[in-house]
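Each remark here refers to the structure printed beneath this line.
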Amino acid sequence: MAITEAPRIVTSRLGYEDSHTIDRSLATGGYQALRKALAMTPEAVAAEVDAASLLGRGGAGFPAGRKWSMLRRDPVTYLVVNGDESEPATFKDHLLIEGDPHQLLEGVLIAAYALQVTQAFIYVRGEFALGLERLQQALNEAYAHGAVGDDIFGSGFSVDVVVHPGAGAYICGEETALLESLEGKRGFPRIKPPFFPAAIGLYGQPTVVNNVETMSNLPWIVLHGGEAFAALGQGRSTGTRLFALSGHVRNPGTYELEMVKTTFRDLIYAPVLGGGIRGGNELKAFIPGGVSAPWFGPEHLDLPLGQDEVAEAGSMLGSGSIVVMDSTTCMVRAAWRITKFFARESCGQCTPCREGSGWLERVLYRIEHGAGREEDLDLLLDVSDNISPGLQWPPLQTTICVLGPSIPSSIHSAISTFRDEFLLHVKEGACPYA
Amino acid sequence: VSHLRPDVRRRALELIALYPERRSALIPICHLAQEQDGWLRPEAMEEIAELVGLTPAEVRGTASFYDMLHTEEVGTYLVSVCTNIACLLGGALELLEHAEETLGVRPGGTTADGAITLEEAECLADCDRAPCVQVNHRYVGAQTPESFDQLVGDLRAGRLGDTIPPHGTLVRVQRSVGLRADRREVARQRAAMAGAQAARAAERERRRAAGGQGATTGGGKG
């Protein structure tokens with residue numbers, strides 16, 4: 001395993017100070033892929049994306065080409081781009097929206113053409129004030145450039161794009177909640193079936209919902225071909241991916257790496273990537289793909305950064321965000337804070353999630369603060385089991401969306417691996433790390 | 001009589017025109033109302049309801065779901081300290097405690113001079129600069145207790161006015177054009193699609209009635 005010399009597919013402009021401007025975009029090949037796509041048939045463009053085997057970069061990892069082809073039977077009415085990046089420790093779309101909004105727009109326009117959609121919405125989380133400004137600026141410039149609107153680049157194809165700001169709700173990253181929010185409602189996930197966006201989406205019409213990073217890959221795929229993309233990576237995980245590394249490493253940040261070719265050890269320890277654990281400390285555990293994912297320990301370091309490889313080891317690559325925890329970390333505190341997040345962000349529709357998250361948070365809080373009991377450990381697992389029966393991975397679901405079943409992951413991981421640490425909190429009546 | 005200023009109301013109408021259904025403009029218009037008033041006043045919610053065709057209760061019920069829409073008054077500067085996992089590992093709880101002491105308020109509270117509202121935030125997607133702090137949703141980089149005090153001093157002295165507008169102003173770049181694709185063409189395409197879908201649905205129904213199970217694969221391509 002190693003860090004390969006793969007091309008930078010989504011981050012090629014990010015080294016420039018003015019990477020977000022149309023001048024930089026046009027000077028570095030911006031909108032060439034869109035021109036090329038418009039000269040092809042929509043089916044041929046979709047076929048390239050299919051050939052690339054591009055997996056959706058939002059977290060679930062569903063093949064984008066397949067998502068589109070499901071729609072070819074029922075023509076799509078709307079394209080909605082999910083830029084509501086809120087999964088804790090995930091900050092790649094933040095970078096792509098702020099750093100290269102024209103690349104994102106170009107990807108959206110290519111997708112719109114392939115799907116023959118005349119209206120696309122880009123839903124950006126409200127907390128990205130700068131990202132929203134840069135994306136709106138880029139959109140204004142793209143309209144003036146003739147890349148969006150009526151008869152784009154004289155191709156006869158017309159499409160409008162609207163940048164839509166969210167207003168602060170994690171759940172709106174769930175695609176059906178996002179659609180509700182885009183319709184001007186509370187972000188309540190819809191029950192599936194029947195409300196799969198491909199069948200009944202925005203305003204009840206067939207809708208494709210794709211992630212920002214997924215869209216940002218499209219210009220390169222159209223320019224270089226789906227096969228060139230599929231030649232990168234391995235197995236089902238093709239191309240590169242933007243990994244977000246945070247926590248106790250020397251160099252936290254985002255790193256675009258070829259899929260599967262690099263391991264967690266490379267990412268965390270290589271001098272040009274994470275640079276190792278801060279202060280020369282020992283690694284205690286790491287979260288491989290957002291806080292919904294079960295935790296990994298040092299024994300998992302040599303796993304490759306690939307979707308199936310991580311899934312087989314019992315967790316998920318999810319949103320591509322890796323959180324590193326060193327030996328000074330209190331695992332009760334970490335599990336408590338993650339659970340508190342879910343308790344705050346539960347939309348409240350389903351009882352297991354709404355009630356369960358709150359009670360789990362309170363029990364973890366009292367253990368962390370020295371008021372826990374030994375039987376609280378079983379209580380935590382019992383409540384978790386009521387949210388997701390059997391505490392399996394991938395989790396079973398008792399709720400409308402996957403937020404609820406995501407809650408037990410960190411608690412189950414923490415108790416199974418660091419049970420002694422929980423018991424020490426109970427025995428000493430205080431947090432040993434405080 | 002209109003609560004929204006004429007220019008704000010005009011922008012609200014422009015927003016409504018961007019969506020197939022007017023209700024979709026609800027959240028963007030709430031942001032506009034906050035730009036005018038700093039928070040969502042009841043009068044603003046009444047007018048928004050009228051603009052998007054809802055009742056004031058529906059507007060409030062939707063707005064209250066979202067953290068960024070404030071149905072109670074907030075300070076000029078909303079200081080959000082993230083304490084989620086990556087920031088927690090970077091000392092965010094200690095930073096928040098320091099912020100509470102410095103400002104003399106608990107999370108959710110506003111300082112007596114009305115300058116600053118402190119908020120404990122969930123992940124703000126800037127985790128390589130932990131602990132992450134935003135002021136009016138503008139990133140100000142990783143903060144230490146010392147730099148935080150400096151930040152508060154700068155905010156109070158108005159030294160950051162150029163980069164951080166007062167609370168409520170979210171997007172300072174306005175859309176320069178309305179929709180451009182020919183609406184009649186869009187309507188024609190939609191009608192054609194709806195017709196095609198109805199035909200396929202009828203076909204599926206006919207096959208189901210004929211007792212043929214598993215007829216969902218392939219086929220269908222027109």
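Quick note on labels: first sequence line is chain A, next is B, and so on, each numbered from 1.
- Considering only heavy atoms from C-beta on, A:R125 comes within 4.5 Å of B:L124 through its side chain.
- Using a 4.5 Å cut-off between heavy atoms, A:E141 does not touch chain B at all.
- Residues B:R180 and A:V148 fail the side-chain proximity criterion, which asks for heavy atoms closer than 4.5 Å.
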>> As a quick check of understanding, evaluate side chain to side chain contact (heavy atoms under 4.5 Å, CB included) for A:K185 and B:F65, giving each step before the final call.
In response: CA-CA 9 Å; A:K185 300 169 188 163; B:F65 183 82; over 6 Å; no
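- Top candidate by heavy-atom pairs under 4.5 Å with chain B, chosen from A:G187, A:G253, A:S246, A:G149, is A:G187.
- Of the two parts of A:L182, the backbone and the side chain both hold a non-hydrogen atom closer than 4.5 Å to a non-hydrogen atom of chain B.
- Only the side chain of A:C172 comes within less than 4.5 Å of a heavy atom in chain B; its backbone stays farther off.
- Under the 3.5 Å distance criterion, the side-chain polar atoms of A:D160 are matched with a main-chain donor or acceptor of B:A181.
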>> Let's go through B:L179 and A:Q119 carefully: what are the C-alpha distance in whole Å and the side-chain angles of both, what is the deciding distance for side chain to side chain contact (heavy atoms under 4.5 Å, CB included) to 0.1 Å, and is it a yes or a no?
In response: CA-CA 9 Å; B:L179 298 183; A:Q119 186 136 35; 4.0 Å; yes
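- At least one side-chain heavy atom of B:P28 sits under 4.5 Å from a side-chain heavy atom of A:P165.
- Here A:S410 contributes atom OG and B:I85 contributes atom CD1; the two are 8.5 Å apart, rounded to the nearest 0.5 Å.
- Chosen from B:A121, B:S176, B:C30, B:A130, the residue pairing most often with chain A at heavy-atom distances under 4.5 Å is B:S176.
- For chain B, the option among A:A167, A:P252, A:G168 with the highest count of heavy-atom pairs below 4.5 Å is A:A167.
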> What's the verdict on side chain to side chain contact (heavy atoms under 4.5 Å, CB included) for A:F91 and B:D126, showing C-alpha distance, side-chain angles and the deciding distance?
Replying inline: CA-CA 6 Å; A:F91 49 104; B:D126 206 30; 5.6 Å; no
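- Although no hydrogens or angles enter the test, the distance criterion places a donor-acceptor pair under 3.5 Å between the side chain of B:H31 and the main chain of A:G166.
- Rounding to the nearest 0.5 angstrom, the gap separating the CD atom in A:E87 from the CD atom in B:E122 is 11.5 Å.
- Note: A:H248 leads A:E85, A:H248, A:K92 in heavy-atom pairs under 4.5 Å with chain B.
- For chain B, the option among A:R278, A:E345, A:M325, A:H164 with the highest count of heavy-atom pairs below 4.5 Å is A:H164.
- Under the 4.5 Å side-chain criterion, counting only non-hydrogen atoms from C-beta, A:Y143 is in contact with B:V177.
- Within the 4.5 Å cutoff, no side-chain heavy atoms of A:F121 are placed close to those of B:L18.
- For A:I171, the part lying under 4.5 angstrom from a heavy atom of chain B is the side chain only.
- Defined by atom type and a distance below 3.5 Å, a donor-acceptor pair is missing between the side-chain atoms of A:R186 and B:Y66.
- The closest side-chain heavy-atom distance from A:E133 to B:L170 is not below 4.5 Å.
- Put simply, the side chain of A:E183 never gets that close to the backbone of B:S24: no donor and acceptor are under 3.5 Å apart.
- At a threshold of 4.5 Å between non-hydrogen side-chain atoms, the residues A:L130 and B:Y139 do not count as touching.
- Between B:R138 and A:E127, no side-chain nitrogen of the basic residue sits less than 4.0 Å from a carboxylate oxygen of the acidic one, so the salt-bridge criterion is not met.
- The candidate with the highest count of non-hydrogen atom pairs below 4.5 Å against chain A, out of B:L15, B:N136, B:T169, B:L88, is B:L88.
- Within a 6.0 Å sphere centred on CD of B:E97, heavy atoms belonging to other residues, nucleotides or ligands number 12 at most.
- Between B:C123 and A:Y170 there is no side-chain heavy-atom pair separated by less than 4.5 Å.
- Expressed to the nearest 0.5 Å, how far CZ of A:R344 lies from CD of B:E120 amounts to 5.5 Å.
- Here B:R23 is the residue among B:Q134, B:R23, B:R172 with the most heavy-atom pairs under 4.5 Å with chain A.
- A distance of 6.0 Å or more separates the ring centres of A:F128 and B:H137.
- Residue A:V249 does not touch chain B at all, counting heavy-atom pairs closer than 4.5 Å.
- For the set B:L69, B:L89, B:I29, the count of heavy-atom pairs under 4.5 angstrom toward chain A peaks at B:L89.
- Proximity to chain B involves both the backbone and the side chain of A:R333, based on heavy atoms less than 4.5 angstrom apart.
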> Do A:V162 and B:R175 pass the side chain to side chain contact (heavy atoms under 4.5 Å, CB included) test, and can you show the C-alpha distance, the side-chain angles, and the key distance before you say yes or no?
Replying inline: CA-CA 9 Å; A:V162 171; B:R175 192 180 170 102; 4.0 Å; yes
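- Looking only at atom types and distance, the side chain of B:T83 has a donor-acceptor partner in the side chain of A:R337 under 3.5 Å away.
- Residues of residues 46-64 of chain B placed with any heavy atom under 4.5 Å of a heavy atom in chain A are listed by number as B:G61, B:T62, B:S64.
- Heavy atoms only, all atoms of each residue included: A:A89 and B:C127 are closest at CA-SG, 3.3 Å.
- Atoms OG and CG, from A:S158 and B:D182 in turn, are 7.5 Å apart once rounded to the nearest 0.5 Å.
- Atom CG of B:L26 sits about 9.5 Å away from atom OG of A:S181, to the nearest 0.5 Å.
- The part of A:T329 that comes within reach of chain B is its side chain, from C-beta onward, which places non-hydrogen atoms under 4.5 angstrom from that chain.
- Note that the CG atom of A:L245 and the CG atom of B:D128 stand 9.0 Å from one another [nearest 0.5 Å].
- In A:Y365, the OH atom is not crowded: 12 or fewer heavy atoms of neighbouring residues, nucleotides or ligands sit closer than 6.0 Å.
- A:N140 places a side-chain N or O within 3.5 Å of a backbone atom of B:Q174 that can act as its donor or acceptor partner.
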